[in-house]
2 protein chains.
Amino acid sequence: MDAKIIDVAAKAGVSPATVSRVLNQASGVRAKTRDKVMRAVDELNYHPNAAAKNLRQQKTMNIGVIAQDINNAYFTEIIKGIENMAYAQKYRVFICDAENQPEKEREYLTMLMDRTMDGVIMITPQLPDEEIGEMADKGYYIAVIGRHIEHAKIPCIYTDNVKFSRQVMEHLLACGHRDIVFLNGYPEAIDSYERLEGYLKALKDNHIPFRPELVENGNFNETGGFDAMERLIQKQIPFTAVFAANDEMALGVYQACAKHGISIPDQLAVVGVDNNRISKYITPSLSTVNQPKYTMGAIIVEKFIDQMNDNQFEDKRVFVVDSELLIRDSSNYNIKKS
Amino acid sequence: MDAKIIDVAAKAGVSPATVSRVLNQASGVRAKTRDKVMRAVDELNYHPNAAAKNLRQQKTMNIGVIAQDINNAYFTEIIKGIENMAYAQKYRVFICDAENQPEKEREYLTMLMDRTMDGVIMITPQLPDEEIGEMADKGYYIAVIGRHIEHAKIPCIYTDNVKFSRQVMEHLLACGHRDIVFLNGYPEAIDSYERLEGYLKALKDNHIPFRPELVENGNFNETGGFDAMERLIQKQIPFTAVFAANDEMALGVYQACAKHGISIPDQLAVVGVDNNRISKYITPSLSTVNQPKYTMGAIIVEKFIDQMNDNQFEDKRVFVVDSELLIRDSSNYNIKKS
DNA sequence: TTGAAAGCGCTAACAC
DNA sequence: GTGTTAGCGCTTTCAA
């Protein structure tokens, strides 16, 4: 149905090899020949068959991005950074939505085994380090965003969870809070672990005893945050602030507060993480931690493409970027010390 | 590096053809042979090379989705419907972000010409009907969501823009509004055109003269909505309600109102379209039109896959689904009639 | 039920 | 500067 290279060659009166040269290298061909070929290409509306090309060259110029959940703007913002940088380097980016399911991540990773993609960037905190490391051991190109993996072949970019977690805590402590809840994501996620670590360190630094009953899991989504908040209220332990490991869960906290008539920020301070778009619009506006998402995507894909080709920057594998605490209305309130 | 079919064949003591049979048809092979082959496949961790397979079979089992902007949950919600339905039918879905740029849509459409994808679903209102129709004429599989194209080969699913637009207007009129602004998207988009049509028809039905100065373009995004609202305020024409062609622009209206001290809904009623997640959380909550996004994605991909295979449902090409007006705080207020 | 072999459309090594 | 040709890894006739 479609024109093939041999048709173009016939029409231009040259060999297939010459057509290929014109289309790919552009050098080593006489200008006149080039023109003939290009004219034939246009007339036949020729597009090289990707499968044949990929098979022959053993590469695809495709990069896959496996995102934990494309409904969450945290991921889509990063993806835009990836997409634009990759595009400039002639790579195509294909986005895959894992919908929070590790099995789907694994399913999409088969794109590497069957060579549909030259490499895959994972923005997902669920699959264990070892599993990803094994893939890299087998020679597949993998990069990760938002986590750190100890493996010489895996580029990583992330913000220092422990660091910003402590910042959040210092802010809440400065407002006079002492009974601070930590609302965790699902415990398997590295983000959860590290943010909890920051929470604990901040308590320790300030000589405040850790009380395990102030920590709840909320699975990184809104209903999880709501349910966790309900459980906390049930427990009847007093607390004056909630540090949620992401904004989604903080939204759940807002819902629970609305239900129980708890007023934010004067009865309860709330801080989230991610700077979701909603966090700015909701009332009261939600204090949160902002990460340079677009930039993170752009940096890692640049490194990744380099690795898949010249590998000039072999020595630079791990990128830590700064985040920023945005203090908004949900926590901007000094309580009286007890 | 990776094992190929010939390696598996050698290890199992059979021919490549037999390995292929086992992996693909599963019938016409003796159980014992099957087992031998499967064992070899596992031991070698064999994954068929997609490029070779695609080249030979002249198909990829890949479906591309070109979304106008993946930062907008309207699109990602639809995509989830597509993804899950396609996955159940052994198709892989790859998402492409056009970032509101028609050139990018065209760029991604080359996935069809080079046979990277068996078909492409477009969720984008920008590219003209004719352009998409021409592709279909050439034999490429294309489906569209959120618009209607008069072409026998292009499956469409959409909600009736004119209809819900009139509903919105009837609601505003019932609240006593007479000077109602219509905030349009970019004029090229079909959605813009049809929603405007609904606005006009509602005016006519109610014998209210159309005043062109009450219509502004906002390009479907927040800043566009903000700027349009600024222009309207500059004009010093009185109006008591804004019907924005989507929620993003309505958010821009909120920003402009905040800046100018205009209170919603008592000084100005606002209604959007899309039921963006933010619309529920913002204060006052935004009245809007909800579409069954997930279902729309699922329905169209099911039809699309059928079309690419048996084409059993050839006669059923156009799907119109119902939308729902959600009246929330931003417009739930009766003004005194003047 | 299984194997041999052609060929999908392209690129790259080699020859001229 | 250009042409010839082998071969990328797979599936699918056709023959046995």
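In what follows, chains carry the letters A, B, and so on, assigned in the order in which the sequence lines appear, proteins first and then strands, with residues in each chain numbered from 1.
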From [options], pick the nucleotide closest to the side chain of [X]?
{"X": "A:V29", "options": "D:dT2, D:dG3, C:dG9", "result": "D:dT2"}
{"X": "A:N49", "options": "C:dT2, C:dG9, D:dT4", "result": "C:dG9"}
{"X": "A:L55", "options": "C:dA12, C:dG9, D:dT12", "result": "C:dG9"}
{"X": "A:R21", "options": "D:dG9, C:dG3, D:dG3", "result": "D:dG3"}
{"X": "A:R30", "options": "D:dT12, D:dC10, D:dG1", "result": "D:dG1"}
{"X": "B:V14", "options": "C:dG3, C:dG9, D:dT11", "result": "C:dG3"}

Using atom [atom1] of [X] as one end and atom [atom2] of [N] as the other, report the distance to the nearest whole Å.
{"X": "B:Y46", "N": "D:dG9", "atom1": "OH", "atom2": "P", "result": "10 Å"}
{"X": "B:K4", "N": "D:dC8", "atom1": "NZ", "atom2": "C1'", "result": "8 Å"}
{"X": "A:K36", "N": "D:dG1", "atom1": "NZ", "atom2": "P", "result": "14 Å"}
{"X": "A:R56", "N": "D:dA6", "atom1": "CZ", "atom2": "P", "result": "12 Å"}
{"X": "A:I5", "N": "D:dT4", "atom1": "CD1", "atom2": "P", "result": "14 Å"}
{"X": "A:I6", "N": "C:dC8", "atom1": "CD1", "atom2": "C1'", "result": "12 Å"}
{"X": "A:L23", "N": "C:dG9", "atom1": "CG", "atom2": "P", "result": "16 Å"}
{"X": "A:M113", "N": "D:dG9", "atom1": "CE", "atom2": "C1'", "result": "18 Å"}

Given side chains that start at C-beta, do those of A:R115 and B:H47 come closer than 4.5 Å, heavy atoms only?
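No, too far: nothing below the 4.5 Å cut-off.
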If each of B:A51 and B:T18 is mapped to the nucleotide of DNA chain D with the nearest heavy atom, which maps nearer the 5' terminus, i.e. the 5' end?
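Taking each residue's closest nucleotide, the earlier one in sequence belongs to B:A51.
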Testing A:N62, A:N54, A:N309, A:T60 for side chain to side chain donor-acceptor pair (under 3.5 Å) with A:D118, which one passes?
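Only one option passes, and that is A:T60.
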Side-chain N or O of [X] closer than 4.0 Å to phosphate OP1/OP2 of [N]:
{"X": "B:K53", "N": "D:dT11", "answer": "yes"}
{"X": "A:Q58", "N": "D:dG9", "answer": "yes"}
{"X": "A:N24", "N": "C:dT11", "answer": "yes"}

Under 3.5 Å, side chain of B:D7 to main-chain N/O of B:K4, donor-acceptor pair present?
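Present.
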Ion pair check, B:K316 and B:D306, cut-off under 4.0 Å:
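The answer is no: the pair does not qualify as a salt bridge.
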Donor-acceptor pair between B:S20 and B:N24 side chains, under 3.5 angstrom:
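A donor-acceptor contact under 3.5 Å links the two side chains.
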Report the residue (B:Q57 or B:T33) whose heavy-atom-nearest nucleotide on DNA chain C is the more 5′ of the two.
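Whichever sits nearer the 5' end wins; that is B:T33.
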